Amino acid sequence: MSLTPSVGARFLLERELVEATRATYRATIYTPDATFTTVARLCEDGALEVDPSGAPVELHDMLTMQARLVARGAAKRREDGLAVWPARLLRWRGPGR
């Protein structure tokens, strides 16, 4: 299955490494015309760092927001006995969102 959307953008975070209270994700933005890949480093305290992706600013900002939600939820998932760092997260956003 192709992740390239016909409209809008898909945002994929795939866990690559977990180190105690941190995780590293390969982060990919798929648009109808291009694909942008980068690295996101997330901390359980909600801090994060997303390397430049080469994507337009609004798409990179949406990717950063998705990563921030994962980072902010990590401590709660640990408290609830769930997997702290999801293996994969895929989101779609339509045009103009």
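Predicted model only: the values in this text are computed from it and were never measured.
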(request) Begin with the C-alpha distance, continue with both residues' side-chain angles, and end with the deciding distance and a verdict on side chain to side chain contact (heavy atoms under 4.5 Å, CB included) for Leu13 and Leu63. (result) CA-CA 9 Å; Leu13 295 172; Leu63 174 68; 4.0 Å; yes
(message) Could you see if Val18 belongs to whatever hydrophobic cluster contains Leu42? Use Ile, Leu, Val, Met, Phe, Trp, Tyr and a side-chain cutoff under 4.5 Å.
(response) yes
(request) Please determine if Glu44 and Arg78 form a salt bridge, counting it only when a charged side-chain N lies under 4.0 Å from a carboxylate O. (result) yes
(request) Find the distance between CD (Glu14) and OG1 (Thr24) and round it off to the nearest 0.5 Å. (result) 13.5 Å
(message) Testing the basics here: between Arg77 and Pro86, what is the closest heavy-atom pair and its distance to 0.1 Å?
(response) NH2-CD, 3.8 Å
(request) Give the intermediate values and the outcome of side chain to side chain contact (heavy atoms under 4.5 Å, CB included) for residues Tyr25 and Val70. (result) CA-CA 11 Å; Tyr25 283 83; Val70 173; 4.2 Å; yes
(message) To the nearest 0.5 Å, what is the distance between CD1 on Ile29 and OG1 on Thr35?
(response) 10.0 Å
(request) Please tell me if the side chains of Arg26 and Val39 come closer than 4.5 Å, counting only heavy atoms from C-beta onward. (result) no
(request) Identify the heavy atoms of Trp85 and Ala23 that sit nearest to each other, and give their distance. (result) CD2-CB, 3.4 Å
(request) Could you please spell out the steps behind the side chain to side chain contact (heavy atoms under 4.5 Å, CB included) verdict for Arg10 and Arg91? (result) CA-CA 6 Å; Arg10 282 202 175 95; Arg91 296 289 185 261; over 6 Å; no
(request) Could you tell me the separation between the CZ atom of Arg68 and the CG atom of Asp61, rounded to the nearest 0.5 Å? (result) 9.0 Å
(request) Evaluate the side-chain proximity of Pro5 to Pro32: yes if any heavy-atom separation is below 4.5 Å, no if none is. (result) yes
(request) Please tell me if the side chains of Leu3 and Leu90 come closer than 4.5 Å, counting only heavy atoms from C-beta onward. (result) yes
(message) Return the OG1 to CZ distance between Thr28 and Phe36, rounded to the nearest 0.5 Å.
(response) 11.5 Å
(message) So does Glu49 get a backbone contact from the side chain of Arg41, meaning a donor-acceptor N/O pair under 3.5 Å?
(response) no
(message) Using only atom types and a distance under 3.5 Å, with no angle test, would you say the side chain of Thr31 pairs donor to acceptor with the backbone of Ala9?
(response) no
(message) For the backbone of Asp51 and the side chain of Thr38, can you confirm whether one donor and one acceptor N or O come within less than 3.5 Å of each other?
(response) yes
(message) Using modelled atom types and a 3.5 Å cut-off, is there a donor and acceptor pairing between side-chain atoms of Trp92 and backbone atoms of Val7?
(response) yes
(request) Give a yes or no answer on whether the side chain of Asp80 reaches the backbone of Leu82 with a donor-acceptor pair at less than 3.5 Å. (result) no
(message) Would Gln66 and Arg93 count as a side chain to side chain contact (heavy atoms under 4.5 Å, CB included) here? Give the steps.
(response) CA-CA 11 Å; Gln66 293 300 321; Arg93 293 293 175 258; 3.2 Å; yes
(message) Looking at every non-hydrogen atom in both residues, tell me the closest pair between Ala71 and Ala47 and how far apart they are.
(response) CB-O, 4.0 Å
(message) Would you say Leu48 ends up clustered with Leu89 if hydrophobic residues are merged whenever their side chains have heavy atoms under 4.5 Å apart, either directly or through other cluster members?
(response) yes
